[in-house]
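The next block holds one structure in the form of structure tokens; read it before the comments.
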2 protein chains.
Amino acid sequence: MSNRDDIIKKLKSSGISPTSQRIDIAQILFAKPQHLSAEQILNKVNEESNSKASKATIYNTLGLFAKKGLVKEVIVDPSKVFYDSNVSRHFHFFNTDTGILTDIPDGAINVDHLPESPEGTVSTGLEVIVRIKNS
Amino acid sequence: MSNRDDIIKKLKSSGISPTSQRIDIAQILFAKPQHLSAEQILNKVNEESNSKASKATIYNTLGLFAKKGLVKEVIVDPSKVFYDSNVSRHFHFFNTDTGILTDIPDGAINVDHLPESPEGTVSTGLEVIVRIKNS
DNA sequence: TCACTTTTCTAGACTTTGTCTAACGGTATA
DNA sequence: TATACCGTTAGACAAAGTCTAGAAAAGTGA
């Protein structure tokens with residue numbers, strides 16, 4: 001899923017024109033399931049790939065990917081947003097000592113009896129976070 | 001629960017010396033169950049109460065209250081932290097259009113089969129957020 | 001009460017994440 | 001070639017929160 005042509009196909013099928021910066025960012029994100037901050041992605045683009053991308057492009061692209069559902073924003077750390085390349089339903093541990101976000105294994109938690117959204121609103125997502133610290 | 005003497009008792013019983021700034025902030029917070037940002041609290045202190053408090057004091061005090069368990073930090077909006085005066089277990093709707101945080105009625109959601117924390121860590125809290133938008 | 005120590009408070013500088021703007025670049029179409 | 005159009009860029013800017021150094025308050029013991 002991480003070779004260039006597949007990435008281009010993936011972007012196109014989401015209605016995103018595959019510019020070189022977007023391809024680079026997508027290749028980094030979709031290399032494996034992971035949780036990266038905008039800053040980490042910026043660094044990786046400018047170190048690992050041959051091309052460069054500006055801060056504004058990183059933010060624009062991540063926002064676009066999130067809007068198109070290619071990536072999920074995870075808001076657990078007051079100081080930065082994480083971008084999760086795994087968009088299927090799953091939940092997270094967040095270690096407040098280390099700042100590291102990890103997945104909760106599938107089936108290890110069960111959420112049901114989901115609430116009706118209030119009048120005039122619709123649900124757009126469910127997030128479950130178990131905060132942990134080093135013992 | 002919101003008269004001055006009760007507030008002082010509450011602070012003392014949590015091991016917090018009741019300075020006038022802390023009392024003012026606590027009175028605002030504990031007037032009712034609510035979700036306030038640091039900025040809202042800063043404004044309320046300097047408008048509604050007779051005394052003044054600086055930004056640093058607001059942040060120090062909220063951090064202290066959170067550490068002592070008088071208040072719960074809710075991290076849902078990438079741009080600011082909410083402080084929840086209801087510390088009993090309950091979950092939230094977050095409306096991304098309005099930026100308003102509301103409680104999910106008790107019993108409207110069910111979470112069980114909580115996961116084991118990873119080796120070397122302990123759980124410090126569970127958060128469930130249903131993101132909603134205006135329809 | 002006084003002298004001393006410790007805690008808390010304050011203004012304002014600073015840091016960091018993220019946004020905005022205005023100019024520039026590449027590509028497609030005619 | 002002209003002309004749109006979209007994407008990218010550097011850097012200025014905004015806003016939340018942190019830090020620092022000094023001032024004020026509050027506690028402590030005699």
Side-chain angles (χ1 to χ4, degrees), chain A residues 7-8 11-12 14-28 35-46 49-68 70-84 94 96 99 101, chain B residues 7-8 11-12 14-28 35-46 49-68 70-84 94 96 99 101:
Chain A
I7 293 284
I8 290 173
L11 294 182
K12 279 186 177 162
S14 296
I16 296 171
S17 31
T19 65
S20 71
Q21 290 86 344
R22 287 169 180 171
I23 294 166
D24 287 341
I25 294 169
Q27 268 183 319
I28 287 163
H35 310 104
L36 296 172
S37 67
E39 205 208 349
Q40 287 177 306
I41 294 163
L42 177 60
N43 292 338
K44 277 176 183 272
V45 169
N46 291 327
S49 64
N50 306 319
S51 45
K52 304 242 162 269
S54 69
K55 195 171 54 151
T57 298
I58 299 292
Y59 281 102
N60 286 343
T61 302
L62 291 172
L64 178 65
F65 284 7
K67 201 177 107 194
K68 298 293 189 176
L70 294 181
V71 121
K72 203 169 73 179
E73 292 179 336
V74 182
I75 297 158
V76 283
D77 183 327
S79 77
K80 58 173 163 290
V81 173
F82 285 100
Y83 293 87
D84 191 341
F94 181 62
T96 47
L101 190 64
Chain B
I7 292 284
I8 291 174
L11 294 181
K12 279 185 177 161
S14 297
I16 296 171
S17 32
T19 65
S20 72
Q21 289 86 346
R22 287 169 180 171
I23 294 166
D24 288 341
I25 294 169
Q27 269 182 318
I28 287 163
H35 310 103
L36 296 172
S37 67
E39 204 208 350
Q40 286 177 305
I41 294 164
L42 177 60
N43 292 339
K44 276 176 183 271
V45 169
N46 292 328
S49 64
N50 306 318
S51 47
K52 304 240 163 271
S54 69
K55 194 171 56 150
T57 298
I58 299 292
Y59 280 103
N60 287 342
T61 302
L62 290 172
L64 179 65
F65 285 7
K67 200 177 106 193
K68 297 293 189 176
L70 294 179
V71 119
K72 204 169 73 178
E73 293 179 334
V74 183
I75 297 158
V76 282
D77 183 327
S79 77
K80 58 175 163 292
V81 173
F82 285 101
Y83 293 87
D84 190 341
F94 181 64
T96 47
L101 190 65

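Here is the naming used below: chain letters follow the sequence lines, and residue numbers restart at 1 for every chain.
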For nucleotides 5-17 of chain D, 5' to 3', base contacts (B), sugar-phosphate-only contacts (S) and non-contacts (-) with protein non-hydrogen atoms under 4.0 Å give --SSBB-B---SB
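- With contacts defined as side-chain heavy-atom distances shorter than 4.5 Å, the pair I28(A)/L36(A) qualifies.
- Annotation for K12(B): atom NZ does not count as buried by contact number, only 12 or fewer foreign heavy atoms lying within 6.0 Å.
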Run the side chain to side chain contact (heavy atoms under 4.5 Å, CB included) check on L70(B) and L11(B) step by step: do they pass? CA-CA 9 Å; L70(B) 294 179; L11(B) 294 181; 3.8 Å; yes
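- Heavy-atom contacts from other residues, nucleotides or ligands closer than 6.0 Å to NZ of K67(B) number 12 or fewer.
- Note: CG (L11(B)) to P (dT8(C)) measures 12 Å, nearest angstrom.
- With hydrogens and angles disregarded, a donor-acceptor distance shorter than 3.5 Å links the side chain of R22(A) to the backbone of S17(A).
- Straight-line distance from the CG atom of L42(B) to the P atom of dC9(C): 14 Å, rounded to whole Å.
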